[in-house]
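Below is one structure; the comments refer to it alone.
When a residue number appears, it is its place in the shown sequence, counting from 1.
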Amino acid sequence: MKKMNCWEQQKCGREPGGAKADEIGVCPAAVETRIHGMNSGNNGGRACWAVTGTFCGGAVQGTFAQKIFNCMECEFYKTVVAEEAAEFMPSKQIISILRNM
């Protein structure tokens with residue numbers, strides 16, 4: 001079974017070529033190539049909680065520290081944690097990659 005990226009599950013339309021990309025912009029998670037493959041995702045699609053500037057809950061989200069508590073309550077986040085199980089890449093490692101590249 002194919003694992004979904006955040007924009008596929010959330011149906012936000014902010015992926016490149018998506019229904020709302022022209023209107024409200026492309027989501028940074030959809031084009032964040034430095035973490036491509038993390039948690040089996042395309043670009044940042046399964047590590048969106050670690051990417052700043054995502055658009056969730058009708059508003060642009062800020063830094064990791066500002067948004068992580070909301071993200072941890074998100075059904076998509078919970079799905080990724082469950083699907084990846086022992087292979088789940090922790091936020092600390094994802095952020096380290098984003099900072100060092």
Side-chain angles (χ1 to χ4, degrees):
M1 182 171 135
K2 181 184 179 290
K3 296 177 181 177
M4 296 180 90
N5 291 291
C6 56
W7 57 85
E8 294 166 322
Q9 183 169 319
Q10 302 300 94
K11 296 177 176 43
C12 67
R14 292 195 63 215
E15 71 277 8
K20 294 186 180 177
D22 287 339
E23 177 187 342
I24 57 177
V26 171
C27 180
V31 294
E32 179 51 77
T33 60
R34 295 175 291 177
I35 52 175
H36 180 76
M38 291 283 167
N39 297 317
S40 307
N42 183 26
N43 294 334
R46 288 178 63 85
C48 51
W49 53 89
V51 179
T52 60
T54 57
F55 191 83
C56 304
V60 173
Q61 303 295 299
T63 66
F64 174 78
Q66 293 170 322
K67 68 184 231 170
I68 188 57
F69 294 108
N70 288 335
C71 293
M72 290 174 66
E73 296 300 317
C74 175
E75 288 305 313
F76 178 72
Y77 176 85
K78 292 175 185 179
T79 297
V80 173
V81 171
E83 287 178 349
E84 296 304 313
E87 301 299 317
F88 179 75
M89 181 68 68
S91 300
K92 182 178 179 179
Q93 288 179 282
I94 297 168
I95 290 173
S96 177
I97 291 167
L98 290 171
R99 284 186 178 157
N100 294 321
M101 291 182 94

Item to complete: Taking the side chain as every heavy atom from C-beta outward, state whether Val81 and Asn39 have any pair of such atoms under 4.5 Å apart.
Response: no
Fill in: Heavy-atom check, side chain of Pro28 versus side chain of Arg14, under 4.5 Å
yes
Worksheet item: Do Glu84 and Ser40 have a side chain donor and acceptor closer than 3.5 Å?
Response: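 A pair is found: one side chain offers a donor N or O, the other an acceptor, under 3.5 Å apart.
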Fill in: Thr54 versus Lys67, side-chain donor and acceptor atoms under 3.5 Å
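The answer is yes; a qualifying pair exists.
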Worksheet item: Looking at Arg46, Arg99, Met38, which hits side-chain contact (heavy atoms from CB on, under 4.5 Å) with Ile94?
Response: Met38
Is it possible for you to say whether [X] and [Y] belong to one hydrophobic cluster, with membership spreading through side-chain heavy-atom contacts below 4.5 Å?
X: Val26; Y: Leu98; result: no
X: Trp49; Y: Met4; result: no
X: Val51; Y: Met72; result: yes

Worksheet item: Do you know which two heavy atoms are closest between Trp7 and Ala30, and how far apart they sit?
Response: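 Minimum heavy-atom contact is CZ3-CA, 3.4 Å.
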Practice prompt. Taking all heavy atoms of Asn43 and all of His36, pick out the closest pair and write down the distance.
Written response: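 Scanning both residues, the minimum pair turns out to be N-ND1, 2.8 Å.
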Worksheet item: When rounded to the nearest 0.5 angstrom, what distance separates CD in Gln93 from CZ in Phe88?
Response: 10.0 Å
Item to complete: Decide, yes or no, whether a salt bridge links Glu23 with Lys20 under the criterion of side-chain N to carboxylate O below 4.0 Å.
Response: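 Between Lys20 and Glu23 there is no salt bridge, as every charged N stays at least 4.0 Å from the carboxylate O atoms.
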